[in-house]
There are 2 protein chains.
Amino acid sequence: MEPTILDVAEQAGVSPSTVSRVINETAPVAEATKKKVTEAIESLGYRTNKFAHALRKQASNVFGIIVPDISNPFFSTLIRGAEDRFHEDGLSTMICDTDGQPEKEARNVEMLVKERVDGALVTSTESESNGIPRLIDKDIPVVAVDRSPTGYEMTAVLADNEGAGMIATEHLLNRGCRMIGFVRGPAGVSTAHERFIGYVNGLESRGLEVQEGLIARGDFTFNSGKRALEELIAANNESEFPDGLVVANDLMGVGVIRKAEEMNLHVPGELAVVGFDDILLSKLINPTLTTISAPTYEMGGTAAQLLLETVEADRKRAERKHKRIVFSTKLVERESSQFGAG
Amino acid sequence: MEPTILDVAEQAGVSPSTVSRVINETAPVAEATKKKVTEAIESLGYRTNKFAHALRKQASNVFGIIVPDISNPFFSTLIRGAEDRFHEDGLSTMICDTDGQPEKEARNVEMLVKERVDGALVTSTESESNGIPRLIDKDIPVVAVDRSPTGYEMTAVLADNEGAGMIATEHLLNRGCRMIGFVRGPAGVSTAHERFIGYVNGLESRGLEVQEGLIARGDFTFNSGKRALEELIAANNESEFPDGLVVANDLMGVGVIRKAEEMNLHVPGELAVVGFDDILLSKLINPTLTTISAPTYEMGGTAAQLLLETVEADRKRAERKHKRIVFSTKLVERESSQFGAG
DNA sequence: TTGAAAGCGCTACCAA
DNA sequence: TTGGTAGCGCTTTCAA
């Protein structure tokens with residue numbers, strides 16, 4: 001059997017309370033006693049029983065992280081940033097993949113509630129009806145990452161997607177494009193929408209009009225990017241083809257590039273393309289994809305930090321302060337938008 | 001405060017033991033009493049306290065899953081297969097990413113030990129000195145997935161990598177290649193080694209000799225694939241260039257394709273390429289990459305199933321049966337090995 | 001600075 | 001079929 005705190009106490013010739021005190025540094029213990037206890041722990045190979053500890057303290061020391069897709073490098077980097085921060089404090093993490101489905105998000109949240117996590121980081125699948133209210137209802141501290149759900153006052157760590165959309169649009173404008181289109185993301189996703197707003201603002205700031213015919217919608221997948229380009233070409237006369245395209249994420253951007261190739265449309269010569277996220281694939285495709293990148297790892301770490309601060313505030317019965325941190329993004333120039341090419 | 005089982009008992013006018021019995025269906029309860037209890041649970045919104053339950057039962061109902069890289073689609077699919085099986089039984093999972101580093105694997109294992117998981121699925125980083133012995137030492141049931149560590153008798157769920165290597169080699173042979181090279185994976189990784197053995201056997205079964213000059217080594221990354229092709233070209237006279245290449249995983253295969261393009265070497269005309277894993281990228285690259293795929297999702301599910309059976313056997317104090325299940329693989333023909341092209 | 005003991009919420013044994 | 005109750009291993013008051 002695993003040794004308990006009683007075994008340690010006996011071996012060290014002290015009471016269990018004393019052992020607890022040296023383990024948790026929760027009260028001063030004489031140096032000599034401390035040494036005896038430490039040695040006993042060592043010799044018995046004692047490890048505190050997680051369940052008993054959690055039962056007493058009403059805290060699991062586990063934190064949940066919910067993302068739409070763990071195999072998406074954007075999210076796996078975010079996860080790594082958050083995990084590194086949690087592990088620093090000896091806290092464990094539970095990673096959940098919603099696969100972009102609200103029902104799966106709901107199930108994941110139920111699991112986290114059941115596991116009685118001390119807090120959760122969530123990138124919600126949709127802007128409404130996601131698992132966040134359930135967590136709030138159960139009084140579990142939550143921080144939103146990457147996407148900010150509407151209708152809840154809560155702390156959130158975001159990228160400046162609107163600014164990113166603007167940067168992308170201005171880049172194409174500076175490059176000389178005059179018919180710039182946009183491939184939008186899924187309807188309920190705030191990041192996708194904000195990037196679009198940035199595009200609109202980018203055009204308007206130069207006195208240009210948004211043209212409905214140059215706007216298509218996808219769902220963030222590779223295939224939807226291919227379809228979007230097809231639609232845009234089909235919908236316009238040759239004289240009105242877009243010469244530049246801002247695409248709401250890299251995966252769709254890669255789809256656009258592949259479709260352009262199939263259609264013998266030269267990128268960037270006849271069509272310049274810019275994406276968002278800076279995933280690995282963007283460097284591997286030919287031509288390489290110009291993109292806008294956010295400091296994903298830092299965003300994860302910051303979100304974890306804020307969550308820990310919230311938990312700490314709760315413990316002290318202090319007031320929760322809702323913060324909103326926005327990271328700025330930067331342009332990564334590659335071949336797909338090269339000037340004067342083609 | 002959260003209601004406890006005592007609150008439920010009071011509300012229903014029965015004893016806590018009875019409540020426990022209806023919740024866990026651990027003993028027959030009269031239909032009428034059951035109804036009263038269920039209603040009390042409902043009206044109070046009672047949920048069993050995980051910590052108390054775990055403390056009493058000495059079981060966490062949590063299972064660990066350790067993989068080298070969650071953003072690698074091969075592993076994320078494996079994870080999904082395993083998770084779906086665990087969730088089916090209402091069990092929770094903890095996913096750990098070792099980033100291919102043995103030290104991280106060790107830290108992950110420590111976390112799982114601390115969390116007192118009921119069992120673990122592990123794709124070990126190296127064939128030796130991985131976290132598996134630590135888990136075995138702590139008496140935590142383990143099943144190896146994808147890679148089988150040497151020196152431990154344990155149940156394992158694997159793909160037939162040797163057969164896969166053979167299929168790949170024969171495919172190139174049938175296609176007419178006569179100088180077939182191989183790009184090996186990292187030294188300690190069993191899957192990579194087995195694929196190489198399959199290649200050797202494939203050649204020898206046709207009475208062909210393995211040529212040292214046609215063999216390079218990479219580390220499973222994109223860049224190492226590029227480097228490998230460079231080396232192979234540099235090491236041989238033009239008359240002895242390989243006309244076909246079996247590459248130990250798709251990511252390196254994509255690297256080979258990109259490098260070939262840079263060198264103006266036509267794929268598949270001058271060089272046919274076959275990879276392993278069937279990752280998404282292989283379908284997106286130009287030319288698309290021929291590959292060997294394994295039933296990854298099923299492998300994850302099977303591994304979870306076997307782990308659960310081991311846990312069950314332990315509970316019944318039955319003997320653990322070590323199984324070894326090998327899934328066969330299949331060729332996915334794409335452009336990079338097309339016949340008569342170029 | 002240390003010890004005794006209550007109790008966190010649950011399950012399972014023993015009685016009835 | 002049900003109830004009483006001990007105890008899982010820990011932390012934390014209260015007293016010494």
Side-chain angles (χ1 to χ4, degrees), chain A residues 1-38 40-41 44-62 90 113-116 118 138-139 315-316, chain B residues 1-41 44-62 90 113-116 118 138-139 315-317:
Chain A
M1 273 307 296
E2 285 259 306
T4 74
I5 208 169
L6 258 90
D7 299 317
V8 176
E10 193 181 1
Q11 170 108 353
V14 299
S15 77
S17 355
T18 304
V19 177
S20 172
R21 287 193 266 256
V22 343
I23 292 171
N24 302 300
E25 299 183 320
T26 179
V29 175
E31 210 48 57
T33 349
K34 194 181 287 182
K35 183 150 177 279
K36 281 191 296 183
V37 171
T38 317
I41 288 175
L44 292 173
Y46 169 80
R47 307 183 109 264
T48 117
N49 182 310
K50 201 235 147 77
F51 307 136
H53 181 97
L55 177 58
R56 237 350 271 253
K57 302 277 287 202
Q58 304 282 32
S60 60
N61 285 351
V62 176
V113 169
K114 188 174 78 186
E115 293 299 324
R116 290 185 138 75
D118 293 345
K138 279 284 159 188
D139 227 50
R315 250 165 223 161
K316 289 183 185 153
Chain B
M1 272 307 295
E2 284 260 305
T4 75
I5 207 169
L6 259 89
D7 300 318
V8 176
E10 195 181 0
Q11 171 107 355
V14 299
S15 76
S17 359
T18 303
V19 177
S20 172
R21 287 193 267 256
V22 343
I23 292 171
N24 302 300
E25 299 183 320
T26 179
V29 175
E31 210 47 58
T33 350
K34 194 180 286 180
K35 183 150 175 278
K36 280 192 296 185
V37 171
T38 316
E39 283 170 1
I41 288 175
L44 292 172
Y46 169 82
R47 306 183 110 262
T48 118
N49 182 310
K50 201 235 147 76
F51 308 136
H53 181 96
L55 177 58
R56 229 2 264 256
K57 301 277 286 201
Q58 305 281 32
S60 61
N61 285 352
V62 176
V113 169
K114 189 174 80 185
E115 294 298 325
R116 290 184 139 75
D118 293 345
K138 279 283 161 189
D139 227 51
R315 247 164 226 164
K316 289 183 185 152
R317 279 121 197 284

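Side chains are part of it too, since the values below use all heavy atoms of this structure and drop only hydrogens, waters and symmetry mates. Lettering of chains follows the sequences in order, A, B, ..., and the numbering in each one begins at 1.
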Whole-Å distance, B/K50 NZ to C/dC10 C1', equals 13 Å
Residues passing the salt bridge (Lys or Arg N to Asp or Glu O under 4.0 Å) test with B/K114, sequence neighbours excluded, are none
ask   = Which part of the nucleic acid does A/S17 contact within heavy-atom distance under 4.0 Å: base, sugar-phosphate only, or nothing?
value = base
Side-chain donor or acceptor of A/K50 paired with backbone N/O of A/S60 under 3.5 Å
yes
Is the distance from OP1 or OP2 of D/dG3 to the nearest side-chain N or O of B/T18 less than 4.0 Å?
-> yes
Within residues 7-15 of chain B, those residues having any heavy atom closer than 4.0 Å to DNA chain C are none
Ordered by number, residues from residues 51-59 of chain B within less than 4.0 Å of DNA chain D (heavy atoms) are B/L55, B/R56, B/Q58
Could you pull out the protein-nucleic contacts involving nucleotides 14-16 of chain C (nitrogen or oxygen on both sides, under 3.5 Å)?
none

Rounded to whole Å, the CD-P distance (B/E25 to D/dT1) equals 14 Å
Atom NZ of A/K35 and atom P of C/dT1 are separated, to the nearest Å, by 18 Å
Overall bend of the helix from C/dT1-D/dA16 to C/dA16-D/dT1 (five pairs an end, 10° steps) is 40°
Salt bridge (Lys or Arg N to Asp or Glu O under 4.0 Å) filter on B/K35, not counting sequence neighbours, yields B/E39
